[in-house]
Amino acid sequence: MKNIAVIGSGTMGNGIAHVFAQHGYSVSLIDISEEALKKALGTIEKNLDRQVAKQTLTEEGKKATLANIQTYTQIKDGVATADLVVEAATENVDLKLNIFKEMDAHAKAEAILSTNTSSISITKIASVTKRPDKVIGMHFMNPVPVMKLVEVIRGYNTSDAVTTTIMDMSKKLQKVPVEVNDYPGFVANRILMPMINEAIYSLYEGVAGVEEIDTVMKLGMAHPMGPLQLADFIGLDVCLSILRVLHDGFGNSKYAPCPLLVNMVQAGHKGVKSGNGFYQYTAGSKDLVVATQFKKV
Ligand code: CAA
């Protein structure tokens, strides 16, 4: 395993490319526009600079990492020599199914096809390929260069050999892989999203304000971010779509998304990426300011 292709250069894709390249793999980063790829390389360089500033990486290490990344705008070109493909495109089932059909047609027969999906069924994705035994979930956490976990998800047909290869490879990236089976939300989001939803319900029902809810969980449970801040960080649209997968997949009303979350997403308040959610965000500022809608009068 030397050549890795990463499809999608957004937050997760550029983080995944960063980590593979830093560990000596040759990475083909694929996105539909040159502009998106240029932006991703800029983000990777900025994040490598943080590591250099913290003296966890040398300037030579940074240069070598960047030299390990090539960019492509066509899937067929980017996956041609890959031993492993990691798909990290937008969380949309139809889009992912189309990408997997294309990957399957152009990647080497022995290549492993993985997805960073946070909740879409691995078994369903695998079913559109001719190699379901070589399809697996590789769910990294944001920010990828910092977070240690890789949730390795076995689809219904994923082989033991492929699972072992991906577990071993995750360790080579200095991550801690955890093997789980393919059921809605896997483990990470099956547990995380109900907590976030419950925090939103607590706000919606007036139990406490935004800062109070987050402070209880940060100081009381030693979480680095409170659940409402974390929801903004993940993206409120992403949280809503994962809750819908849990709700549909289990048919259990306990996963029904809070109406406040639905309203916020419909209003375009998606968290950090849109500049507003439970908090409001200003470029260049690290201050956490509660959004106007939730400020106490
Ligand atoms: N690349 C490289 N390094 C980064 C980075 C990035 N993108 N982002 C942060 N860092 C580094 C910083 O340089 C800093 O390094 P040192 O510890 O060496 O100083 C360290 O990470 C901490 O960063 P900051 O000082 O800027 O900020 P912080 O202390 O507030 O930590 C955080 C930021 C790491 C994001 C922390 O708040 C945290 O762990 N939050 C929770 C994150 C989390 O739960 N992620 C999972 C989300 S769920 C998911 O991803 C999956 C899903 O399916 C929804």
Side-chain angles (χ1 to χ4, degrees), residues 8-23 39-57 61-62 65-66 86-92 96 115-122 137-153 173-178 180 182 184-197 199 214-215 217-219 221-246 257 261 270-273 277 279 281 284-288:
S9 68
T11 310
M12 297 307 287
N14 74 57
I16 294 165
H18 171 147
V19 169
F20 274 105
Q22 194 184 336
H23 288 84
K39 192 170 163 214
L41 288 179
T43 303
I44 294 172
E45 185 161 6
K46 202 180 79 200
N47 287 330
L48 288 167
D49 281 338
R50 293 184 196 231
Q51 292 169 274
V52 173
K54 301 272 176 199
Q55 298 182 333
T56 54
L57 185 71
K62 174 189 155 184
T65 302
L66 289 171
V86 187
E87 173 277 319
T90 309
E91 203 65 357
N92 171 303
K96 286 198 194 281
T115 170
N116 178 59
T117 182
S118 49
S119 62
I120 296 169
S121 161
I122 309 302
M138 231 183 152
H139 185 203
F140 290 84
M141 303 290 132
N142 184 22
V144 183
V146 178
M147 304 296 283
K148 283 281 171 205
L149 178 72
V150 182
E151 193 178 29
V152 175
I153 307 122
L173 299 174
Q174 290 178 307
K175 301 287 184 200
V176 178
V178 173
V180 310
D182 183 25
F186 320 131
V187 169
N189 282 318
R190 182 172 180 164
I191 296 172
L192 176 63
M193 287 304 154
M195 182 192 73
I196 285 177
N197 202 32
D214 275 355
T215 302
M217 298 307 286
K218 274 193 285 189
L219 301 188
M221 282 74 193
H223 290 192
M225 288 175 170
L228 300 174
Q229 188 191 355
L230 182 57
D232 276 356
F233 180 69
I234 292 168
L236 300 186
D237 52 338
V238 175
C239 293
L240 179 59
S241 108
I242 299 172
L243 279 162
R244 290 207 156 120
V245 168
L246 291 169
L261 174 64
K270 297 179 184 170
V272 177
K273 67 175 117 176
Y279 297 89
Y281 302 88
S285 167
K286 275 192 139 191
D287 294 345
L288 208 50

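We count ligands from 1, going down the list as the structure has it; atoms in each ligand are counted the same way. In this chain, residues are counted from 1 in sequence order.
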What one should report as the nearest heavy-atom pair of Pro184 and Leu246 is O-CD2, 3.4 Å

Across all chains, not counting sequence neighbours, the salt bridge (Lys or Arg N to Asp or Glu O under 4.0 Å) partners of Glu91 are Lys96

_When you measure from the side chain of Glu87 to the backbone of Ala89, do you find a donor-acceptor pair of N or O atoms at a distance under 3.5 Å?_
yes

Need the list: ligand 1 N/O atoms against protein N/O atoms, distance under 3.5 Å, rounded to one decimal.
from     : atom 1 : to     : atom 2 : distance (Å)
ligand 1 : 7 (N)  : Asn47  : OD1    : 3.4
ligand 1 : 7 (N)  : Asn47  : ND2    : 3.4
ligand 1 : 8 (N)  : Arg50  : NH1    : 3.4
ligand 1 : 10 (N) : Arg50  : NH1    : 3.4
ligand 1 : 19 (O) : Lys54  : NZ     : 3.0
ligand 1 : 26 (O) : Lys286 : NZ     : 3.2
ligand 1 : 45 (N) : Asn142 : O      : 2.8
ligand 1 : 50 (O) : Asn142 : N      : 2.9
ligand 1 : 53 (O) : His139 : NE2    : 2.8
ligand 1 : 53 (O) : Asn189 : ND2    : 2.9

For residues 222-234, the side chain to side chain donor-acceptor pair (under 3.5 Å) pairs (sequence neighbours left out) are Asp232-Tyr281

For Phe20, the ring pair (Phe, Tyr, Trp, His ring centres under 6.0 Å) test, sequence neighbours excluded, returns Tyr25

- Report yes or no: does Lys39 contribute a side-chain atom to a donor-acceptor pair with the main-chain N or O of Gly10 at less than 3.5 Å? no

